[in-house]
Amino acid sequence: MDNKNSNSRKIHEGKTIPHETPKKKISRKSALALASVIIISSSGCVTAPEEPHEASNTPTSPNPGNPPNEEASREILQSSITTSTALGSDLRIDVFALERLENNLLRLQLGVTNESSDPFDLGFGLSDTENYLSASNVSLIDDINQQHYLSYRSNDGKCFCSSLDRSIEGGKTEDLWVIYPEPPENIEKMTVVTPLSPPILDIPISESSETVETSNLAEPKILDLTLISDSLEDQTGRSESGDEVSIILSSDVLFETNSSELTDDASDILNQVAREIDDSSSNVVSIDGHADNTGNDSINLPLSKERAESVESSLADLINREGVTFEVEGHGSVDPIADNDTEEGRERNRRVSVTFEK
């Protein structure tokens with residue numbers, strides 16, 4: 001069944017996202033980082049492994065260089081609370097520094113703070129499967145050049161980064177650092193993207209006189225960015241990749257609980273979608289309905305299909321251009337984009353996507 005929390009606030013893990021503290025509205029350009037998490041590293045990630053792994057007491061990089069100094073690690077530039085863990089707002093990610101090193105590298109210094117009373121195993125929450133208890137899957141966004149910076153790796157797949165050697169005790173902060181390729185000199189700020197939290201926007205880049213050794217490093221990975229924007233007000237998101245646009249609409253805004261009848265709030269949103277389709281060159285629009293994993297397929301599949309059909313019917317009336325046809329499907333809960341174990345994740349999974357060529 002497609003449950004809706006009546007007390008939840010409107011919003012947009014990963015790969016925005018509601019949580020209990022107030023949020024300011026973020027611009028379309030800055031918010032692109034948040035949906036990048038969905039595309040590149042699923043925001044519904046598991047934050048603790050099914051089986052315990054042996055953690056090393058040393059960083060996972062080939063040549064870790066100097067650890068962050070104690071004074072620098074205490075100054076918090078910005079923070080973001082997590083939205084894809086059981087701790088929720090009790091787990092906080094702090095940015096201490098983003099600094100250019102002497103040998104054309106960029107170092108990000110992070111802190112992960114556990115404000116609960118119980119220990120928390122970070123597991124693979126910020127990392128890939130090769131770099132347990134690290135922040136290897138934390139990445140950076142260059143908004144100006146529309147590029148996505150992944151962490152440096154060695155040729156054997158190890159991240160050029162530090163890792164934890166234990167769980168994070170309640171009330172404690174553990175430090176992590178990650179090395180990236182250096183951006184161009186004119187880039188003064190970058191956005192930090194984590195798999196567990198909303199993006200941390202506009203982190204200033206400072207200068208450091210430190211140098212780290214860089215043997216056995218693989219080629220740097222700097223990717224052209226898939227354009228994304230999200231609205232915290234109406235829980236919409238969009239991605240633009242190549243010739244295709246996909247707009248994600250929250251079912252909690254479009255419909256009442258367990259209903260496929262469009263709400264009054266849906267009108268303005270679908271008018272905007274229709275105008276964009278009118279301005280595109282596409283003759284085929286795909287509309288896909290999705291549900292969370294509450295209930296079973298006998299309810300979720302028909303409801304997701306009926307909701308997609310309601311969006312189709314409305315768009316067909318609103319689109320002014322001739323020759324536009326629709327492909328409509330309901331997928332139930334089989335294609336989640338967030339963690340169904342959290343209310344925030346289930347809210348994001350209840351959605352209708354509208355996809356068409358530019």
Side-chain angles (χ1 to χ4, degrees), residues 1-6 8-12 16 18 25 28 31 35 38 226-292 295 297-337 346-358:
M1 187 180 301
D2 202 26
N3 290 337
K4 172 181 173 183
N5 184 347
S6 60
S8 63
R9 299 189 302 111
K10 295 182 181 179
I11 48 126
H12 187 64
T16 229
K25 183 175 180 181
R28 170 178 173 178
I38 301 174
T226 299
L227 297 180
I228 302 289
S229 79
D230 293 272
S231 168
L232 299 181
E233 293 183 343
D234 57 26
Q235 292 177 261
T236 61
R238 61 180 291 117
S239 66
E240 301 181 24
S241 180
D243 295 328
E244 190 173 80
V245 177
S246 184
I247 300 175
I248 300 172
L249 308 173
S250 169
S251 292
D252 288 6
V253 174
L254 297 179
F255 309 99
E256 296 294 342
T257 303
N258 298 326
S259 171
S260 60
E261 182 176 348
L262 291 166
T263 65
D264 293 338
D265 290 336
S267 177
D268 288 342
I269 299 171
L270 293 179
N271 265 296
Q272 295 175 44
V273 176
R275 286 196 295 271
E276 188 158 352
I277 294 173
D278 275 335
D279 292 338
S280 75
S281 62
S282 181
N283 291 322
V284 179
V285 177
S286 297
I287 302 177
D288 296 274
H290 301 270
D292 61 26
D297 285 345
S298 65
I299 296 174
N300 289 334
L301 279 172
L303 180 60
S304 62
K305 176 70 175 297
E306 290 164 7
R307 288 180 165 181
E309 289 172 342
S310 293
V311 172
E312 174 201 19
S313 178
S314 178
L315 289 177
D317 291 336
L318 294 171
I319 293 170
N320 295 317
R321 187 160 52 84
E322 297 292 333
V324 176
T325 60
F326 298 90
E327 297 177 349
V328 180
E329 287 190 53
H331 302 272
S333 61
V334 298
D335 189 20
I337 59 173
R346 291 190 295 272
E347 187 173 2
R348 288 181 52 210
N349 288 332
R350 299 190 292 264
R351 68 198 190 277
V352 175
S353 63
V354 181
T355 305
F356 52 92
E357 291 184 356
K358 295 178 182 178

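The CD atom of Glu261 sits 12.0 Å away from atom CD of Glu306, with the distance rounded to the nearest 0.5 Å. The distance from atom CD1 of Ile247 to atom CD1 of Ile269, rounded to the nearest 0.5 Å, is 11.0 Å. In this structure, OG in Ser286 is found 11.0 Å from CD in Glu312, a value given to the nearest 0.5 Å. Interatomic distance, Leu262 CG to Arg307 CZ, rounded to the nearest 0.5 Å: 10.0 Å. Rounding to the nearest 0.5 Å places CD of Glu347 at 10.0 Å from CG of Asp292. Taking CG from Leu303 and OG from Ser251, the interatomic distance works out to 7.5 Å, rounded to the nearest 0.5 Å.
Of all heavy-atom pairs spanning Ala308 and Gly289, the tightest one is CB-N, 3.8 Å. For the residue pair Ser260 and Ser310, the shortest heavy atom distance occurs at O-OG, 2.6 Å. Between Leu270 and Ser314, the shortest heavy-atom contact is CD1-OG, 3.5 Å.
Evaluation of the side chain to side chain contact (heavy atoms under 4.5 Å, CB included) rule for Ser280 yields Ile277, Ser282, Arg321, Phe356 as partners, not counting sequence neighbours. Contacts of Glu309 classified as salt bridge (Lys or Arg N to Asp or Glu O under 4.0 Å), with partners at least two apart in sequence or in another chain: Lys305. Under the side chain to side chain donor-acceptor pair (under 3.5 Å) criterion, Ser246 pairs with Thr355, sequence neighbours left out. Scored by the side chain to side chain contact (heavy atoms under 4.5 Å, CB included) test, Ser267 finds Asn271 as partners (sequence neighbours excluded). Remark: Ser281 pairs with no residue by the side chain to side chain donor-acceptor pair (under 3.5 Å) rule, at least two apart or across chains.
Under the salt bridge (Lys or Arg N to Asp or Glu O under 4.0 Å) test applied with Asp252, the options Arg351, Arg348, Arg350, Arg346 reduce to a single match, Arg350.
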request  = Let me see the working for Asn349 and His290 under side-chain contact (heavy atoms from CB on, under 4.5 Å), right down to the final yes or no.
outcome  = CA-CA 7 Å; Asn349 288 332; His290 301 270; over 6 Å; no
query = Would Val273 and Leu318 satisfy side-chain contact (heavy atoms from CB on, under 4.5 Å), going step by step from the backbone distance to the final call?
reply = CA-CA 9 Å; Val273 176; Leu318 294 171; over 6 Å; no
Taking only distance into account, with no hydrogens and no angle test, what donor-acceptor pairs under 3.5 Å do side-chain atoms of residues 322-334 form with protein atoms, sequence neighbours excluded?
| from | atom 1 | to | atom 2 | distance (Å) |
| --- | --- | --- | --- | --- |
| Thr325 | OG1 | Asn283 | O | 3.2 |
| His331 | NE2 | Asp288 | OD1 | 2.6 |

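A donor-acceptor pair under 3.5 Å is formed between the side chain of Thr263 and the backbone N or O of Val253. Within the 3.5 Å criterion, the main-chain N or O of Phe255 finds no donor-acceptor partner in the side chain of Ser259.
Every pair tested for ring pair (Phe, Tyr, Trp, His ring centres under 6.0 Å) that includes a residue from residues 256-287 fails, sequence neighbours excluded, so the list is empty.
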